[in-house]
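Report on one structure; see the data block that follows.
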Protein chains: 2
Amino acid sequence: MAESSTRTVERALVLLGVVCDAGSLPLADAARESGLSASTALRLLRTLEGTGFVRRDADGGYRPGLRVVQLGAQALGHESLVSLVSPVLDRLVELTGESAYLSVPSHDGAAVYLAMREGTHSVRHTSWVGRSIPLEGTAVGALLGGERPEKGFVAVRDGLQQDVTAIAAPITVGHGEKARVVAVISVIAPSYRMTPDSVAGIGRHVAAEASAVLVGPSGSPEEPDSTRQSDSTGQQDNPEQPRTPEQVRLADTSTAVEEDIA
Amino acid sequence: MAESSTRTVERALVLLGVVCDAGSLPLADAARESGLSASTALRLLRTLEGTGFVRRDADGGYRPGLRVVQLGAQALGHESLVSLVSPVLDRLVELTGESAYLSVPSHDGAAVYLAMREGTHSVRHTSWVGRSIPLEGTAVGALLGGERPEKGFVAVRDGLQQDVTAIAAPITVGHGEKARVVAVISVIAPSYRMTPDSVAGIGRHVAAEASAVLVGPSGSPEEPDSTRQSDSTGQQDNPEQPRTPEQVRLADTSTAVEEDIA
DNA sequence: AGCGTATATTTCACTTATTGAAACCCGCTT
DNA sequence: AAGCGGGTTTCAATAAGTGAAATATACGCT
């Protein structure tokens, strides 16, 4: 009851994770890293291959398949928080010039960036959607851990990363004692640019934006999920994009010609 | 031997696909759509849940988990084609004002958008990364099916979608008869804007860009270099083992580009 | 309320399907 | 040649997954 685990599936998923982490690796490594016998790993990788979750390259190595990309993009498209927060991130970048992120708690006790906008300064912080970040010693972690800062935001200088300052505020659902932090919005900037004043200024903006996300223009808070079926204009970005400034395109419903069909 | 399938794993993956497609659905629907008994579906969904591949929302429905987003982003990051083609897509958008896409064949006999750039016209075509597109009646499909157009590009008006014209060119590897199409670059625009002349003009550009991708401006494929500011370090992704400091991403372009799925 | 339907969850006997050691088959290096 | 390391196949043991049925729960409907 408590633990209904299908060993086979679990193993296959671990294997998938290993392959995605590595980008490409031979069977032997995959088996070793996931603690499986070669024959078992081979069998599982083959079924993963048959379903498009992994594929093989010329050297025989295993690499992530397209199905992974596909499902990832779909999943991100269904994250309504992303579309809710997109304009907020845009605004923060505009106001501060620094990079802005949306993160949510992950299942393994860490957090994951779900959306991001790059800052406009030529020296700016850069990360990518899907990146996972620890909770210890980070502004995001503090908030997800339940911290409820006086002024509505937390600033951490040189926490996870040297020379980088993170300023974060929680998106909460519920009121009073029962409030729960469902996500965190943060602005991350090079520390050398952050004076106490600028931190305070950015903090005010972040806190204000974060607290307004679920309230909406009219006032009453709404549940964050509200997964509308249909095909919201999904978006997905490329984690590494040296040249192009804007990475995540937001759901621009304005006058785009259309989409759907499958 | 020929088909080594791990039924359990296959079922779980189907289930994962169903959940990602739906965005959110109750157990009963998931079971029905994947042709499983309720108890089996429940068991499998639970293990998917335990590993973060799905999660449950307040209504008890199942929805894609963060692990999916995470792996998807990672996988996309390892796709060297994406980084090679990114500047090309930028250029096409700049030249034509229309949306530009990179697609590759998928394992199930369709194609998937791996990257895209939105056009600049206020009325423009919009799709998303991860979207899968059929081969029949599409420009992309024709090229992946082996068609080798005279002028280097294929244009299809009102194919998959009404009022939309697609202009596509193949990225091939190998020469002469042994050339294989590994990906397709396409520009997609509202048909009303497409005169024979503009189609020809865009086609020329697309064909030129596509044929140059794997050749590179100076002969060998080069990566747009990684002048990423700050770090983005602190790769504390998983409490597992030391991971590569700066993610190798772009390192494997030359060899990795050589193949696609099976 | 009372009834009916539909879903969520648990149990459990039946085996089927997964497992890993060992054997085998490469291509390499010593 | 012999040795070595990775990939692949075989195969018997048995661990592990399966689904029907029972139970619990939740939601309309008259």
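Letters A, B, ... mirror the listed sequences (proteins, then strands); counts begin at 1. All of these numbers come straight from a predicted model, not from anything done at the bench.
Expressed to the nearest 0.5 Å, how far CG of A/Leu42 lies from CG of A/Leu36 amounts to 11.5 Å. A distance of 12.0 Å separates CD in B/Glu10 from OG1 in A/Thr8, rounded to the nearest 0.5 Å. Note: A/Leu66 CG to B/Ser106 OG = 5.5 Å, rounded to the nearest 0.5 Å.
No cation-pi contact links B/Arg131 to B/Tyr113, judged by a cut-off of 6.0 Å to the six-membered ring centre and 45° from its axis.
Between B/Thr40 and D/dG19 there is a side-chain N or O to OP1 or OP2 distance below 4.0 Å. Within the structure, every side-chain polar atom (N or O) of B/Arg56 is placed at least 4.0 Å from both OP1 and OP2 of C/dA8. In this model, the phosphate group of C/dT18 is not approached by any side-chain N or O of A/Arg43 to a distance below 4.0 Å at OP1 or OP2.
Spacing between atom CG of A/Leu45 and atom P of D/dG7 amounts to 10 Å, rounded to whole angstrom units. Atom pair B/Leu36:CG and C/dT7:P shows a separation of 16 Å (rounding to whole Å applied). Residue A/Glu10 contributes atom CD, which lies 11 Å from atom P of D/dA16 at whole-angstrom precision. Here D/dG6 presents its P atom at 13 Å from CD of A/Glu33, a figure rounded to the nearest Å. The CG-P distance, from B/Leu42 to D/dT23, rounds to 18 Å in whole Å.
DNA chain C is contacted by both A/Arg7 and B/Arg32; B/Arg32 maps to the nucleotide lying nearer its 5′ end (nearest heavy atom per residue). Both A/Val9 and A/Ala38 sit near DNA chain D, but only A/Ala38 has its closest nucleotide nearer the 5' end. The nearest heavy atom of DNA chain D to A/Leu27 and to B/Leu44 marks one nucleotide each, and the one closer to the 5' end goes with A/Leu27.
Residue A/Thr8 is classed as a sugar-phosphate contact, given heavy-atom separations below 4.0 Å to backbone atoms only.
A/Thr40 pairs by the side chain to side chain donor-acceptor pair (under 3.5 Å) definition with A/Ser37, not counting sequence neighbours.
Side-chain atoms of B/Arg11 lie closest to D/dT18 of the nucleotides D/dT18, C/dT18, C/dA8.
Between the side chain of B/Ser39 and the base of D/dG19, at least one donor-acceptor pair of N or O atoms lies under 3.5 Å.
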